[in-house]
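Written out below as structure tokens is the structure these notes cover.
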Amino acid sequence: MALEDLFKKLVSHCKEYGYVFPSSEIYDGLSAVYDYGQYGVELKNNIRKYWWDSMVLLNRNIVGIDAAIFMHPTTWKASGHVDAFNDPLIDNRDSKKRYRADTLIEEHIEKIEEKVQKEIDKARAKFGDAFDEAKFRSTNQRVLSLQSKIDEIHARYSRAMKENNLAELRQIIIDNEIVCPISGTRNWTEVRQFNLMFSTEMGSTADGAIKVYLRPETAQGIFVNFLNVQKSGRMKVPFGIAQVGKAFRNEIVARQFLFRMREFEQMEMQYFVTPGTELEWYEYWKEKRMKWHLALGFGKENYRFHDHEKLAHYANAACDIEYKFPFGFKEVEGIHSRTDFDLKQHQIYSGKKMQYFDPDKNESYIPYVIETSIGLDRMFLHIISAAYHEEEIEKEDGTKDMRVVLRLPSCLAPVKLAVLPLIRKDGLPEIAEKIVEDLKFDFNCQYDDKDSIGRRYRRQDAIGTPYCITVDHQTLEDQTVTIRYRDSMEQERVPVAGLREIIAEKVSIRSLLKQL
RNA sequence: GCGGGAAUAGCUCAGUUGGCAGAGCAUCAGCUUCCCAAGCUGAGGGUCGCGGGUUCGAAUCCCGUUUCCCGCUCCA
């Protein structure tokens, strides 16, 4: 099947079987926002737990926090988010290229200045030593007219930038007949402000309110709490702080289902290390994180590292772990060596020391940071697309049959088992109900007695239930039931009394964690 | 954001020249009692994405808009 078709089918499947719905669908939806349904939320919770346990349970020196989504606005000045993402952008309709409107105007001014310089150079060559530049500038008609043009544009431009007047910026471009360097045309769109951060107001009265942002990443909540955790938890470098939470980015283009959403959930761990050791730890976490992915059993060939050539201003090494999605290899996790950039910035902006006293070295320093940052929604999309299979089955009479099955790892599956009476009489439903009543304290169970047994198996396959317990007539005689396995479709007879232990062993997250 | 395509039942889709809103699957209630879907009977489910226009009459033609998909662009 073409990968593109597979992706479409996956999206339909997610909706049809209660995994993912478009947000506010009855109002035509909201662009790039999705809701998790009854099974989606279970799968997502299980993925989150797998990550959290692998960090906080398995590492004595990693602890978790849950910081608020709102943070003091200065946080985002310190982190660089306020300045870095506030550009007025304009598109040329012919070349389809996007430019910063302010840059276009500044370049235009520079061009005029070059013309002035040319005039001056020409005159200097003409008059030699007797040339008086200041006098030339103040008397030459051509230079004067160019200069007044520069002054005029500059005045308009700085006023527009100050007032954040986007229409005026566009008008300056139009009035000065600035063309696209590629197409050479003046077919411009409106100027738009692209700020990656969502903002809102905190405080009930309009004049007392301050502008606050919805965090565009969870990392800063960890950085600002670095000393709180270190001191209250008596942590010693190296140590880590883990956090799972929502982040918000006003993406220009948000697409590909759950892959790029405006509201999304990150699972981040910031690991604080001694300066100079960061690249060793970077390698350590690269390997560690890849192991976490591979333990899910979706095949080594579907993962790869992608090292960043162009590093962000805060990093001295960075890579992504990419998974082969139906639409190609794409990032699911980033591992970055963030240096001491963030803590240093917070120290500057807050005026508070963000230093750690190292008793071994008997000195204070700002630790370096290795970040592992994984998108929970991306991980969800990764797992469900890896799990989705359409299979052709040969029946006993030789005819072919199709089934859709989600081969989710048992410990991540939303529903762990379904208990099914073979037929709806002879007391079989009652026995099945009793089994569910007993096991519901341990597992997410379902009971189903509608339609033929084969159809019920297929329903469970479609939502990825790994085990189906079937109560049949033999159960009446010897208190045994069959376990039907989702992937092999094979069955095994076991005593009812042993069910809890058998299932617990199979669906435990322990087996996954032990591989790490 | 630009360009292209799409939107009809929960899902997949049909709908003729503009003339009664359809099918399969799914769901629900029965029947059947079966170990791997598609046996029988019946039922529910729709402002044809939304808004406007043309028309005696619009799912169908026109305009706008929203959402989704593909390519480009963007993604510290």
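A, B, ... follow the sequence lines: proteins, then strands. Residue 1 opens every chain.
- Annotation: B:U8 and B:A23 have their C1' atoms spaced 12 Å apart (nearest Å).
- Per the geometry, NZ belonging to A:K9 stands 13 Å off C1' belonging to B:C13, to the nearest Å.
- Relative ring orientation between A:F248 and A:F198 is described as perpendicular, the plane-to-plane angle rising above 60° on a 0-90° scale split at 30° and 60°.
- In this structure, A:F257 reaches the sugar-phosphate backbone alone: every heavy-atom distance under 4.0 Å involves primed, P, OP1 or OP2 atoms, never a base.
- You'll find that the side chain of A:R249 is closest to B:A76, out of B:U67, B:A76, B:C11.
- No option in A:L381, A:L258, A:I384 other than A:L258 meets the side-chain contact (heavy atoms from CB on, under 4.5 Å) test with A:V20.
- Of the listed nucleotides (B:A76, B:C70, B:C36), B:C70 has the atom at the smallest distance from the side chain of A:Q256.
- In this model, the phosphate group of B:C69 is not approached by any side-chain N or O of A:K8 to a distance below 4.0 Å at OP1 or OP2.
- Across the P atoms, B:C69 and B:A29 are found 35 Å apart, a figure rounded to whole Å.
- Taking the P atoms as reference points, B:C75 lies 25 Å from B:G4, given to the whole Å.
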Which donor-acceptor pairs under 3.5 Å do side chains of residues 32-44 of chain A form with protein atoms, sequence neighbours excluded?
unit_1	atom_1	unit_2	atom_2	d
A:Y36	OH	A:D377	OD1	2.7
A:Y39	OH	A:Q446	NE2	2.7
A:K44	NZ	A:E265	OE1	2.9

Atom pairs, N/O to N/O, protein against nucleotides 24-35 of chain B, distance under 3.5 Å?
unit_1	atom_1	unit_2	atom_2	d
B:A26	OP1	A:R455	NH1	2.8
B:U27	OP1	A:R459	NH1	2.7
B:C35	O2	A:Y457	OH	3.0
B:C35	O2	A:Q491	OE1	2.9
B:C35	O2	A:Q491	NE2	2.7
B:C35	N3	A:Q491	NE2	3.2
B:C35	N4	A:D472	OD2	2.6

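- When heavy atoms are screened at a 4.0 angstrom cut-off, A:A318 is found touching no nucleic acid atom at all.
- Within the 4.0 angstrom heavy-atom criterion, base atoms lie near A:R260.
- Ring centroid separation for the pair A:F325 and A:F327 comes in under the 6.0 Å cut-off.
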_Please evaluate residues A:F272 and A:Y368 with respect to the criterion ring pair (Phe, Tyr, Trp, His ring centres under 6.0 Å), reporting the C-alpha separation (whole Å), side-chain torsions for both, the decisive distance (0.1 Å), and the verdict._
CA-CA 6 Å; A:F272 300 91; A:Y368 271 44; over 10 Å; no
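- Not one side-chain nitrogen or oxygen of A:S79 sits closer than 4.0 Å to the OP1 or OP2 atom of B:A76.
- For the C1' atom pair drawn from B:G30 and B:C70, the interatomic distance equals 47 Å after rounding to whole Å.
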Determine all donor-acceptor pairs shorter than 3.5 Å in which one atom belongs to a side chain in residues 425-437 of chain A; sequence neighbours excluded.
unit_1	atom_1	unit_2	atom_2	d
A:D426	OD2	A:H473	NE2	2.8
A:E437	OE1	A:K440	NZ	2.9

